[in-house]
Peer 1: 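Below: one structure in structure tokens.
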Amino acid sequence: MKALLIRDLKLAFRAGGGFGLGLAFFLIVVVMTAFAIGPNPELLGRVAPGILWLGALLACLLSLDRVLALDFEDGSLDLLATAPLPLEAVVSVKALAHWITTGLPLVLAAPVLGVLLSLPAQGFFWITVALLIGTPALSVIGTFGAAITVGIKRGGLLLSLLVLPLYVPTLIFGAEVARRGADGMALDTPLLMVSGITCGVLALMPFASAAVLRVNLR
Amino acid sequence: MKALLIRDLKLAFRAGGGFGLGLAFFLIVVVMTAFAIGPNPELLGRVAPGILWLGALLACLLSLDRVLALDFEDGSLDLLATAPLPLEAVVSVKALAHWITTGLPLVLAAPVLGVLLSLPAQGFFWITVALLIGTPALSVIGTFGAAITVGIKRGGLLLSLLVLPLYVPTLIFGAEVARRGADGMALDTPLLMVSGITCGVLALMPFASAAVLRVNLR
Amino acid sequence: MKMTVTDLTIARGGMPILAALSFQLTPGRALILRGPNGTGKTTLLRTVAGLQSPLQGDIDGAEDQIAYAAHADGLKAMLSVAENLSFWADVFGQHDVEAALSIFNLRDLRDRLAGTLSAGQKRRLGLARLLVTGRKVWVLDEPTVSLDAASVVIFADAVRAHLAQGGMALIATHIDLGLQDTDVLDVTPFAAVAGTGSGASDEAFL
Amino acid sequence: MKMTVTDLTIARGGMPILAALSFQLTPGRALILRGPNGTGKTTLLRTVAGLQSPLQGDIDGAEDQIAYAAHADGLKAMLSVAENLSFWADVFGQHDVEAALSIFNLRDLRDRLAGTLSAGQKRRLGLARLLVTGRKVWVLDEPTVSLDAASVVIFADAVRAHLAQGGMALIATHIDLGLQDTDVLDVTPFAAVAGTGSGASDEAFL
Amino acid sequence: MSLWEYANPVKFLRLSEKVLPTLWVASIACVCTGLVWGFFFTPDDFRQGSTVKIIYIHVPSALMAINAWFMMLIASLIWLVRRHHVSALAAKGAAPVGMIMTVIALVTGAIWGQPMWGTWWAWDPRLTSFLILFLFYLGYMALWAAIEDPDSAADLTSVLCLVGSVFAVLSRYAVNFWNQGLHQGTSIPVATGERTVSDVFFVPLLIAMVGFGLLFVTLVLYRTGTEIRLRRARALMAREGQS
Ligand code: HEM
Ligand SMILES: Nc1ncnc2c1ncn2[C@@H]1O[C@H](COP(=O)(O)OP(=O)(O)OP(=O)(O)O)[C@@H](O)[C@H]1O
Ligand SMILES: Nc1ncnc2c1ncn2[C@@H]1O[C@H](COP(=O)(O)OP(=O)(O)OP(=O)(O)O)[C@@H](O)[C@H]1O
Ligand SMILES: [Mg+2]
Ligand SMILES: [Mg+2]
């Protein structure tokens, strides 16, 4: 398992997949939104938390199709399936690797981008917290989507079609936390919900993903 | 050339790539935005034109990595390069196919989604026009990006990184057209700019794409 | 311990392609699968390796014993030869890759990115992987594709060594591997006759 | 018309691997490239096919004459066998694919999705592509990989027929194709000696 | 004789062929009576005017849209547990019907919203969750379309349906939390004890709902039959190609 994690991280960095790209994409989406919406800072400030979440979500999404598809194409998955470690472990490790290379950087970058969107001062802390709690769910759910679409060549679009609806609850509560944080309102309910979703997903999704993956390998 | 176009369209439909997916993704992005920003219709109305453009842009983006990469992986590109038709033609056809399967549906769907974002009544016509004029540029520029990243496995993320900045002018002017249209202001300047960009890109990009592709093939 | 396959029926795309197939793998011996293109060798190997489930029949003594190698070598273009190999070694709980490297003389290529290898070199690396799995049963699908004569000999020696240590091998191939005293199984006669594929997913509809 | 390669030097990854290579293809004759793994056959073929440019030397009489077939067959999994073939036929301005289909007996597979073919069937389809290009010079990289004996014979016949019509063929292979009176070129002696790769992109830094 | 024996495609076909004609007649009759009655023989609502009549399409379709997904969920479970092809195909056949129902509910709702709320669309929780339901239908069908091997497709879509249902429920709550809407609550007696609609409107509505229910069953049976025949043809052709 450790070997797998290390290898995935290595690959992410070498193949120009990891860290940088997700971040850069995040940045671009945010900037683009600024362009698209127009320079009005007050307006930007109001939509900032949402846009940050949206950006994070899309950045995750775009890197999802590399999670399993690459290994499927070059046969690594077949070999891993015959290897001693259970598929559940494999998908979990993959999700973890995806989070480290995508989710984590986003969390760290969010405050900086918040500045670009003139996010209200008290919002910074909460957007970070919300993302920190929410992004793991995104990675795990995403891995499930990747496992379903792994057989389909370049299934990127289908993947996002399947995954995005599953992201809805996380997004809503996450954005709610951020928005309320920015407006300085009470936010324990949404915060609880996000944490709940993340925990539940972390606990159960890997089994679903592994099951689906087995189907796709046969 | 006709053969190539027909084949690409066929593949787009069979491999579950074409039409539907791009649309669905567009729809989802819009819905997600609403979740992220909040249900306030007045606020949504103001960001609507921008969001619609952003959605169209991302939908294009996500389907870009299928444009050339698939043919590269299974060796078709090598064979096409040794075939009688010039690479310029090949990339143009590919761009066309991409527009037909992605850009066109987006144009048609935009007004409907405008409803969801409570876009002001007079905005509908102009957002459609703006997209109709703008999306071809997106496809052609995107094909260029695809040609650059074709060597890289699952270069989807890198691709979007390279392409999005190139999209900025189109996005800005396109969104401007839409916004001014929505506010009922004069919009001939941005309209001219968008058309100009599209024409220029259509005329010149294919050569750049073909050149880049040649480099990647060797 | 030995591996027994009894009365196996396998399918692709919902239709049985090989039926009533039985054979045995005994330590120290290799079984060569032969048969024209499209008879179902690959499918059979995948089934034995547990990558797809048989329609009927069962496979005993295979669990966690099998090292599978197919057309796709599972190499990462962006990892060096040594890294690729040691990754699989770790996964299978082994440690030294030097032996494997030198046997398939990949020593001087060890730091080259796998993506820059030639077809044959890639294949050699793929085969070297078998040595670091420490598994007893090798299940190989056309292992010598695009290997030159010398490398084929190297491979044959590797198989012989593996058998000598009480290993087993199930190999599908079209060309002669120069392995002595191996059992040969021609799968052609087992081709499933239409309609006999009881349990095939589509049978229910007839 | 013939095809002449004079004093060719080719490189991979910025280092020359074959140098001072000269040969000729004459109508009606096939040239077999031999050499151990990693000597540079594939690179040579790609250069001849115009997919990469040589460091030195030149290739005459090749432009728009070459049909290239490599490890990757350029097949679309989601298109049927017939569709795949007729696409390439259209691209090369040819029309009937029936002949090609029947020669490589793919008739009964014609409506099967290419993605569901077995390794050998895929390869046969890839070779059938050559017939619908109508090109005079065939440049083939290990064409018989994963073909069974019968199919190898079919392929050999196809090549012979092509040559008989005044075609030419440049074939890299490790196994014997059973083609009579062909010229054989072993590329091993032309392996570039380190440092002689004048013109190699990195030379400038030395 | 257990119900399961109709899990055999052939038996199922025979049965459906027997019952389908009657079902067609019955469902169409119900729908027509319900709608005609509702449209022409009920007084205009004092507040909503004649626009209220759209309820006779809107509500039934809305209900069916939800029930369709339930039915798919159950069918998927049956497939995963007992691997009866019919149930998998039934789920496959139900999806488009359900999606159409969703679209109808959305469209009629939107049309209704124009006079009632003065807007075509509002991010009301129920409306929104219907939009999400629509997305789930889209994904589900896209997945069916994208995979060639029918059994894998059945497995994958079933799992997706299970997971999807969980998240659909989650989303429902999320949306409720996110925005308290203007869409009125349910007032069907079965749903809540008392009712807010007077009999005059209610009886035809009931008939219409029954009609839509029947129509749904009919369509699903019909489509399942088609799917089965397709698979059968496929099997026969495969057999041809083989022998
Ligand atoms: C696109 C938008 C809409 C959607 C998706 C939608 C969805 C639904 C759903 C799911 C039901 C559920 C049936 C139930 O639980 O009782 C329903 C019932 C109903 N809807 Fe809508 N609706 C929409 C718009 C509207 C509008 C604009 C109106 C007009 C004011 C409206 C009025 C009703 C009424 C009166 C009922 C019956 C509720 C009851 O049982 O009394 N809906 N709608
Ligand atoms: N989805 C499918 N539908 C119908 N037939 C299929 C499907 N997939 C594979 N087949 C057939 O199953 C047969 C077995 O394929 P397999 O790859 O096992 O053959 P093989 O013995 O490995 O051939 P080769 O020697 O060429 O590798 C082939 O004839 C193939 O055409
Ligand atoms: N980027 C690179 N850097 C250094 N060497 C490289 C690079 N790419 C390829 N090579 C080397 O170039 C040589 C030629 O490769 P090529 O594929 O032409 O060999 P080949 O004759 O086709 O071998 P095979 O018979 O195995 O197919 C190989 O030894 C390979 O290792
Ligand atoms: Mg095979
Ligand atoms: Mg080679």
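Naming convention: chains lettered A, B, ... in sequence-line order (proteins, then strands); numbering from 1 in each chain. These numbers come from the heavy atoms of this one structure, side chains and all, not from hydrogens, waters or symmetry mates. Please read these numbers as outputs of a predicted model, since none were measured by experiment.
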Peer 1: Tell me, for Arg123(D) versus chain C, whether the close heavy atoms (under 4.5 Å) come from the side chain, the backbone, both or neither.
Peer 2: neither

Peer 1: At a heavy-atom distance under 4.5 Å, which candidate from Leu117(C), Asp148(C), Thr173(C) has the highest pair count against chain D?
Peer 2: Asp148(C)

Peer 1: Answer with side chain, backbone, both or neither: which region of Arg34(C) has an atom nearer than 4.5 Å to a non-hydrogen atom of chain D?
Peer 2: neither

Peer 1: Please report the closest heavy-atom contact between Gln121(C) and Gly38(D), naming both atoms and the distance.
Peer 2: NE2-CA, 3.9 Å

Peer 1: Over all heavy atoms of both residues, which pair between Thr116(C) and Arg12(D) is shortest? Give the atoms and the distance, please.
Peer 2: O-NH2, 4.2 Å

Peer 1: With rounding to the nearest 0.5 angstrom, report the NE2 to CD1 distance, His174(C) to Ile175(D).
Peer 2: 10.5 Å

Peer 1: Among the options Asp141(D), Leu147(D), Val152(D), pick out the one with the most heavy-atom pairs lying under 4.5 Å from chain C.
Peer 2: Leu147(D)

Peer 1: Counting heavy-atom pairs under 4.5 Å with chain D, which one of His71(C), Glu142(C), Lys41(C) comes out on top?
Peer 2: Glu142(C)

Peer 1: Hey, does the side chain of Asn37(D) reach the backbone of Ser146(C) with a donor-acceptor pair shorter than 3.5 angstrom?
Peer 2: yes

